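Please read the structure below before turning to the comments.
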Amino acid sequence: MTSKSAKSETAQRARKIVFVIFDQVKLLDIAGPLQVFSDARLADGGSAYDLVVASELGGAVATDSGMVLASQALSDVLDADVDTLLVAGGDPSVQLKATASLEACLYGVAPQDYRNGFGRGR
């Protein structure tokens, strides 16, 4: 049986969310959720989420609006501490080409118990 203090410690741990981006990703698909999770707080006032922006190779990634986002290499951030893996969406005509190798990379390295999904545009 789990003690009350162990439950409290678990409940107070910031959850790690990895936002996966790719060239020409929809800026709003990354900025909106990133802001919402960034604003979430634990009961003690600490951040509820540890947020990481990652791409297949890491580095600068251009969004559909031209804004460039910094990212870490996916291979550097996928570990047992990841609670949720979110893949942002994009224009369907660009996204399939832009994410083909990324999708293969994710299926090759992401454990099956990650909550994940690929947006296929609007």
Side-chain angles (χ1 to χ4, degrees):
M1 178 180 254
T2 305
S3 72
K4 187 174 182 177
S5 63
K7 284 182 182 177
S8 296
E9 289 174 20
T10 301
Q12 292 298 303
R13 179 181 72 84
R15 305 291 182 174
K16 184 175 179 180
I17 300 177
V18 175
F19 291 86
V20 181
I21 62 173
F22 52 88
D23 192 45
Q24 297 302 303
V25 67
K26 288 278 187 193
L27 179 58
L28 188 57
D29 284 358
I30 187 68
L34 191 64
Q35 185 65 57
V36 169
F37 285 113
S38 176
D39 289 346
R41 296 283 172 232
L42 296 169
D44 67 3
S47 295
Y49 299 98
D50 175 20
L51 306 174
V52 178
V53 176
S55 63
E56 186 174 4
L57 302 175
V61 176
T63 68
D64 66 332
S65 68
M67 180 174 278
V68 177
L69 302 175
S71 69
Q72 296 182 44
L74 202 51
S75 60
D76 292 344
V77 299
L78 289 181
D79 56 35
D81 292 339
V82 175
D83 293 295
T84 305
L85 181 68
L86 297 173
V87 180
D91 182 333
S93 64
V94 174
Q95 183 178 356
L96 292 176
K97 180 181 176 190
T99 62
S101 74
L102 172 61
E103 204 166 332
C105 172
L106 285 172
Y107 284 123
V109 298
Q112 294 303 310
D113 61 347
Y114 280 169
R115 292 183 297 263
N116 63 64
F118 288 89
R120 288 294 182 197
R122 312 241 177 267

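What's counted below: heavy atoms across the whole structure, side chains too, no hydrogens, waters or symmetry copies. Predicted model, so just to flag it, every value in this text is computed and none were measured.
- Val25 and Met67 fall within the same hydrophobic cluster, defined by Ile, Leu, Val, Met, Phe, Trp and Tyr side-chain heavy atoms under 4.5 Å apart, directly or through other members.
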Could you list the donor-acceptor pairs under 3.5 angstrom formed between side-chain atoms of residues 40-48 and any protein atom two or more places apart in sequence or on another chain?
unit_1, atom_1, unit_2, atom_2, d
Arg41, NH1, Ser47, OG, 2.7
Asp44, OD1, Gly46, N, 2.8

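- Taken to the nearest 0.5 Å, the CG atom of Leu78 stands 11.0 Å off from the CD atom of Gln72.
- The minimum heavy-atom distance linking Ser65 with Leu27 is given by the pair OG-CD2, 3.4 Å.
- For the side chain to side chain contact (heavy atoms under 4.5 Å, CB included) test with Val18, the passing option among Leu86, Val77, Asp81 is Val77; the others fail.
- With sequence neighbours left out, Leu51 forms a side chain to side chain contact (heavy atoms under 4.5 Å, CB included) with Ile17, Phe19, Leu34, Phe37, Ser38, Tyr49.
- With values rounded to the nearest 0.5 angstrom, Ile21 atom CD1 is found 9.5 Å from Asp23 atom CG.
- Checked by atom type and distance alone, the side chain of Thr63 never pairs as donor or acceptor with a backbone atom of Lys26 at under 3.5 Å.
- The minimum heavy-atom distance linking Val68 with Ala60 is given by the pair CG1-CB, 3.5 Å.
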### Chi angles and distances behind the side chain to side chain contact (heavy atoms under 4.5 Å, CB included) call for Asp83, Arg13
CA-CA 11 Å; Asp83 293 295; Arg13 179 181 72 84; 3.0 Å; yes
### Message
Please determine whether side chain to side chain contact (heavy atoms under 4.5 Å, CB included) holds for the pair Arg15 and Thr84, giving the CA-CA distance in whole Å, both sets of side-chain angles, and the decisive distance to 0.1 Å.
### Response
CA-CA 8 Å; Arg15 305 291 182 174; Thr84 305; over 6 Å; no
